[in-house]
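Report on the following structure.
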Amino acid sequence: MNQISISRLLALSLILFLIVSCKKSEDNQERFSNGLSIIVHEGHVAISGYRSLGGERGTVYWLDGVKTSQTKFDQHLAKGTLYRKAIDDLGKINYEYKNQIGGKDSYQLDQGSYLLDTVMYFYQNSVRLKMESDSVGVLRTIGIYKDKPIFAGMFGKVSKVNGSGSLAISKPFFWDGVSGPLALPLPNKGIFKEVTAIFQSNENTVYVGGNCGFPVYWKNQELVILDDRYGEVLQITQSKNDIYAVGLINKYQSNSTRHTACYWKNGTLYELEDNAQASGIYIDGEDVYVTGSTGDVPVNYKPCYWKNGVRVDLPI
């Protein structure tokens, strides 16, 4: 064998080694994902979610079960569509809205805003906007009604230790973006943890989803307890006269493992799957679409959606 052949053989061996090493590295990478919002428009199923790949986290988009770009995803949304994105590197909760003229508005809620000061605020298209209220707390979730943002959040009290601040939450509230925040009542049992969703169905009716150690929502200021077990409501929507809330329950009273994905229709529970969690819901005629993930703990979450209870797995 001449010198040139040996050099080529060594080069090919090195390339093969690198390919195999990269493949093993990819196989060992952390890979988990979860669907957040699901929208059905003109026969297409569009889903936004988050993905963690090798420690890098970001928003991922699917269209009809295939990963796609945000541009193509947005093209298949109706005007007036709000969807959730992954929490960004600064810890901001992210939403995107396709407004009634086809433009895009981005909204961010800073989970740590109370660490900076006691004024609640949000970001619209990267502009920081202050909530005109002397109340102390944090905005946690957003909805859109007639092209205007509405919010739900938690009142609280800031305590500082060694120069760092933390918020001890007390009560949930709804804010229409104009007048002052409206406090919501708490149940006589359980521990209020957070608000998680908001939906306005008409001029006089607002729904706020939450977690009080068990799944709840408020219709205006009326509290509705959906289950006695641990659970969360993560989105609320309406179709005709029916109210849908989607989320999870836990049959083992755990707040971190072995959930059951589910939704409620007018307060009636519909279980989808054990060792799974649901985050978004969309009603298309008589069809119920729900997105979320399967898996017993977060690092095992695999994205999916259910159409009328039948699961469709999504690629990470």
Side-chain angles (χ1 to χ4, degrees), residues 36-37 48-50 56-61 70-71 73-74 77 79-184 192-200 206 208-210 234-236 279-280:
L36 295 174
S37 296
S48 65
Y50 71 80
E56 294 185 3
R57 304 188 182 191
T59 305
V60 62
Y61 305 90
Q70 183 179 4
T71 299
F73 176 88
D74 289 341
L77 302 181
K79 295 175 181 178
T81 298
L82 177 73
Y83 64 89
R84 293 163 59 194
K85 300 172 65 177
I87 293 175
D88 64 23
D89 293 337
L90 298 176
K92 292 186 178 67
I93 302 170
N94 280 267
Y95 294 83
E96 198 86 18
Y97 178 61
K98 186 172 183 178
N99 59 41
Q100 297 292 350
I101 60 174
K104 289 200 306 182
D105 293 308
S106 63
Y107 294 92
Q108 295 85 36
L109 303 177
D110 189 347
Q111 298 180 81
S113 63
Y114 50 82
L115 301 182
L116 301 177
D117 51 45
T118 59
V119 176
M120 290 185 277
Y121 59 85
F122 64 98
Y123 297 87
Q124 181 175 352
N125 299 324
S126 300
V127 177
R128 181 183 171 186
L129 300 173
K130 185 176 67 172
M131 179 178 176
E132 296 297 337
S133 171
D134 294 331
S135 301
V136 176
V138 61
L139 300 173
R140 182 48 57 87
T141 185
I142 185 174
I144 302 289
Y145 183 69
K146 292 188 175 180
D147 252 13
K148 302 292 184 181
I150 55 175
F151 303 87
M154 293 96 73
F155 293 127
K157 181 179 180 180
V158 174
S159 60
K160 291 188 176 182
V161 179
N162 297 325
S164 297
S166 62
L167 180 72
I169 62 171
S170 57
K171 281 188 176 183
F173 67 83
F174 155 68
W175 180 45
D176 63 6
V178 180
S179 56
L182 180 65
L184 301 172
F192 172 59
K193 296 181 179 296
E194 62 178 337
V195 294
T196 51
I198 185 169
F199 171 76
Q200 185 163 355
V206 176
V208 174
L234 294 174
Q235 187 186 348
I236 300 172
S279 304

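Quick note: numbers below take in every heavy atom, side chains included, and nothing from hydrogens, waters or symmetry partners.
- In this structure, the side chains of V136 and L167 come closer than 4.5 Å at one or more pairs of heavy atoms.
- Listed here is the closest heavy atom pair of Q70 and Y61: CD-OH, 3.2 Å.
- Taking the side chain to side chain contact (heavy atoms under 4.5 Å, CB included) definition, one finds that T71 meets it with S69, Q75, sequence neighbours left out.
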(message) Is there a side chain to side chain contact (heavy atoms under 4.5 Å, CB included) between I169 and F155? Walk through the geometry before answering.
(response) CA-CA 6 Å; I169 62 171; F155 293 127; over 6 Å; no
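- Considering all non-hydrogen atoms of both residues, L109 and I142 come closest at CD1-N, 4.2 Å.
- The closest side-chain donor-acceptor pair between N99 and D147, if any, does not fall under 3.5 angstrom.
- Figure legend: cation-pi geometry between K85 and Y50 absent, as NZ or CZ is not positioned both under 6.0 Å from the six-membered ring centre and within 45° of its axis.
- Closest heavy-atom contact between L139 and M131: CD2-SD, 4.0 Å.
- The distance from atom CD1 of I144 to atom OG1 of T81, rounded to the nearest 0.5 Å, is 11.0 Å.
- Shortest non-hydrogen contact noted between G143 and I198 is N-CG2, 3.3 Å.
- Interatomic distance, R84 CZ to I93 CD1, rounded to the nearest 0.5 Å: 8.5 Å.
- Side-chain atoms of T141 and Y95 include a donor-acceptor pair closer than 3.5 Å.
- Across every non-hydrogen atom of V138 and M120, the tightest pair is N-SD, 3.2 Å.
- Between the CZ atom in R140 and the OG1 atom in T196 there is a gap of 10.0 Å [rounded to 0.5 Å].
- Around NZ of K92, the count of heavy atoms belonging to other residues, nucleotides or ligands within 6.0 Å exceeds 12.
- Atoms OH and CG, on Y97 and D105 in that order, are 8.0 Å from each other to the nearest 0.5 Å.
- In this model, no donor atom of one side chain and acceptor atom of the other lie less than 3.5 Å apart for Y83 and E96.
- The backbone N or O of S106 sits less than 3.5 Å from a side-chain atom of N125, completing a donor-acceptor pair.
- Evaluation of the ring pair (Phe, Tyr, Trp, His ring centres under 6.0 Å) rule for F192 yields no partner, not counting sequence neighbours.
- Between D74 and K98 there is no salt bridge, since no side-chain N of the basic residue sits under 4.0 Å from a carboxylate O of the acidic one.
- One finds the CZ atom of R57 at 10.5 Å from the CG atom of D89 (value rounded to the nearest 0.5 Å).
- What you find for V208 and F174 is that their closest heavy atoms are CG2-CB, 4.3 Å.
- Ring-centre distance between F151 and F122: below the 6.0 Å cut-off.
- Distance check, rounded to the nearest 0.5 Å: CD of Q124 to OH of Y121 gives 15.5 Å.
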